[in-house]
Amino acid sequence: MAKKTHQGWMKRFLLVSIAILAVALAMFWQRTQGFADQPFQLDDRERVLLVEQGDGFNAVLAKIRGLGIGGGHDLEWKALAKALKVAGRLQVGEYAVTPQMTPRELLQRLGRGEVIQRKFTIVEGWNFRELRNALQAAPLLEDEIAKLGDAEIMQRIDRTGVHPEGRFLPETYVFTRGTGELAILERAADAMDVALEAAWKSRDSGLPLDSPEQLLTLASIVEKETALVSERPLIAGVFVRRLRIGMRLQTDPTVIYGIGSAYDGNIRKVDLERDTPYNTYVRAGLPPTPIAMPGKAAIEASAHPAAGQELYFVAHGNGGHQFSATLAEHNAAVRKYQLKR
């Protein structure tokens with residue numbers, strides 16, 4: 001009899017314990033769900049959560065706390081992460097933490113790898129030296145090119161023997177933390193290859209250009225001569241007509257490029273008379289390489305130059321140029337717009 005009483009008591013105790021545990025778990029889960037959708041209530045200051053290689057959930061949670069996020073017990077964070085199935089698959093990278101974000105939203109971003117997308121812009125008209133400097137000034141790109149020469153950089157992106165000038169398309173390139181400088185260069189070079197091939201295939205017939213490389217060189221000069229998209233076909237037309245009749249291009253940007261880092265903002269008579277491969281005042285035809293990174297508009301303008309009779313142009317001081325068909329007209333424009341200044 002005593003044995004049966006003891007067994008009954010144990011059974012009742014076990015049932016009560018299970019019930020209490022079930023209630024406790026239900027209350028904990030209800031509390032966790034409430035915590036999961038409670039906004040952080042942070043100020044507007046930008047916060048970035050960095051998940052690094054080897055970080056476990058405890059390390060990531062400590063970093064979350066370090067951002068000033070104090071809501072919820074650690075057990076609630078862990079329970080939510082387990083329920084969302086993200087605790088074991090946190091993805092490396094930077095994550096933006098916004099003021100009204102909830103724990104659920106943050107953990108879901110971590111699980112999906114919705115990392116911050118950074119941007120690097122190659123500016124139209126940059127030369128390769130300027131591009132290198134900009135890459136090394138970008139704080140979140142991995143330093144890969146500081147100790148490399150230009151030729152070695154081109155070799156690393158599978159373009160051995162290709163001159164780097166003009167070979168990278170001016171665009172904005174998206175990247176994530178940890179991306180290397182060479183990866184940006186390779187993407188920009190691939191983009192330029194695509195743009196140049198398309199322009200070469202669709203070019204006007206009869207252009208005095210023998211290769212896509214010459215088209216790229218012409219486009220780089222057009223890029224440096226004017227910032228106005230509307231003028232680029234006109235500028236290209238002048239240069240194409242000069243090439244057809246064997247007239248020297250006589251364009252200052254090529255001379256400046258030939259001077260290199262010694263250029264101080266002024267072109268002197270001695271610079272115009274010095275014989276260098278890039279001095280189009282003393283040498284006929286195109287220079288041996290591009291002189292800058294031309295954008296798509298300059299490439300398209302060079303492949304489809306404007307028709308006309310103009311052989312000259314001079315800046316008129318308002319951002320554009322005055323075009324002339326004869327030397328007499330050009331000299332008059334120079335007197336009007338340049339000598340006056």
Side-chain angles (χ1 to χ4, degrees), residues 118-175 178-200 209-225 249 251-264 271 274-280 282-296 298-299 302-303:
R118 303 289 180 177
K119 295 179 180 180
F120 179 82
T121 300
I122 299 177
V123 177
E124 294 177 347
W126 271 358
N127 60 37
F128 189 58
R129 182 179 67 253
E130 291 170 320
L131 174 54
R132 288 190 60 150
N133 291 340
L135 284 168
Q136 297 204 258
L140 296 176
L141 282 171
E142 291 293 318
D143 183 9
E144 296 175 326
I145 66 173
K147 297 181 180 179
L148 301 180
D150 292 355
E152 191 171 2
I153 289 174
M154 299 305 287
Q155 183 180 11
R156 294 286 185 92
I157 61 172
D158 296 325
R159 285 166 173 80
T160 301
V162 176
H163 194 282
E165 201 60 79
R167 300 305 314 191
F168 304 92
L169 187 68
E171 290 282 1
T172 295
Y173 297 90
V174 175
F175 68 95
T179 298
E181 296 162 338
L182 290 171
I184 298 293
L185 288 175
E186 186 166 19
R187 287 169 57 192
D190 289 343
M192 179 58 86
D193 288 346
V194 171
L196 185 59
E197 181 181 8
W200 180 252
L209 304 172
D210 297 330
S211 66
E213 287 68 32
Q214 287 192 347
L215 174 61
L216 184 63
T217 299
L218 175 58
S220 72
I221 299 173
V222 171
E223 183 69 65
K224 295 299 289 184
E225 280 287 5
L249 297 183
T251 170
D252 290 353
T254 62
V255 177
I256 293 170
Y257 184 82
I259 296 172
S261 58
Y263 177 63
D264 62 3
D271 297 320
R274 183 180 294 114
D275 184 19
T276 75
Y278 291 92
N279 189 344
T280 53
V282 300
R283 295 197 183 189
L286 293 165
T289 72
I291 61 171
M293 314 290 172
K296 288 182 179 179
I299 296 172
S302 300

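If you read the sequence from its start, that first residue is 1, and numbering goes on from there.
- Distance check, rounded to the nearest 0.5 Å: CG of Asn133 to CH2 of Trp126 gives 9.0 Å.
- The shortest side-chain heavy-atom distance between Met192 and Pro294 falls under the 4.5 Å cut-off.
- Considering every non-hydrogen atom in both Val282 and Asp275, the closest pair reads CG2-OD1, 3.6 Å.
- Of all heavy-atom pairs between Ile184 and Leu135, the closest is CG2-CD2, 4.1 Å.
- Residues Arg187 and Glu171 are not paired through a salt bridge, judged by the lack of any N-O separation under 4.0 Å between the basic side chain and the carboxylate.
- Here the OG1 atom belonging to Thr251 is positioned 10.0 Å from the CG atom belonging to Leu218, to the nearest 0.5 angstrom.
- Residue pairs satisfying the salt bridge (Lys or Arg N to Asp or Glu O under 4.0 Å) criterion with at least one member in residues 139-155, sequence neighbours excluded, are listed as follows: Arg132-Asp150, Glu152-Arg156.
- The two residues Ala188 and Tyr173 make their nearest non-hydrogen contact at CA-OH, 3.3 Å.
- When all heavy atoms are compared, the tightest approach of Pro290 to Ser220 is CA-OG, 3.4 Å.
- Sorted by first and then second residue, the pairs that involve residues 215-224 and meet salt bridge (Lys or Arg N to Asp or Glu O under 4.0 Å), not counting sequence neighbours, are Glu223-Arg232.
- A 4.5 Å side-chain heavy-atom check between Phe120 and Thr179 finds every atom pair outside the cut-off.
- At least one side-chain heavy atom of Tyr278 sits under 4.5 Å from a side-chain heavy atom of Thr289.
- One finds the CZ atom of Arg167 at 12.0 Å from the CZ atom of Phe128 (value rounded to the nearest 0.5 Å).
- Looking only at side-chain heavy atoms (C-beta outward), Ile221 and Pro287 come within less than 4.5 Å of each other.
- In this structure, Ile291 and Ile256 have side chains that are not in contact, with every pair of non-hydrogen atoms separated by 4.5 Å or more.
- The CG atom of Leu131 lies 9.5 Å from the CD atom of Glu181; values are rounded to the nearest 0.5 Å.
- A 4.5 Å side-chain heavy-atom check between Pro253 and Glu225 finds at least one atom pair inside the cut-off.
- Under the 4.5 Å side-chain criterion, counting only non-hydrogen atoms from C-beta, Glu165 is in contact with Met293.
- Judged by distance alone, with hydrogens and angles left aside, the side-chain atoms of Glu197 form no donor-acceptor pair with the main-chain N or O of Val194 at under 3.5 Å.
- Here the closest heavy-atom approach between residue Ala189 and residue Ile157 is recorded as CB-CD1, 4.3 Å.
- Taking CZ of Phe175 as the reference point, atom CG of Leu141 lies at 4.0 Å (rounded to 0.5 Å).
- In this structure, Leu209 and Leu286 have side chains that are in contact, with non-hydrogen atoms separated by less than 4.5 Å.
- When all heavy atoms of Ile122 and Phe168 are compared, the closest pair comes out as CD1-CB, 4.3 Å.
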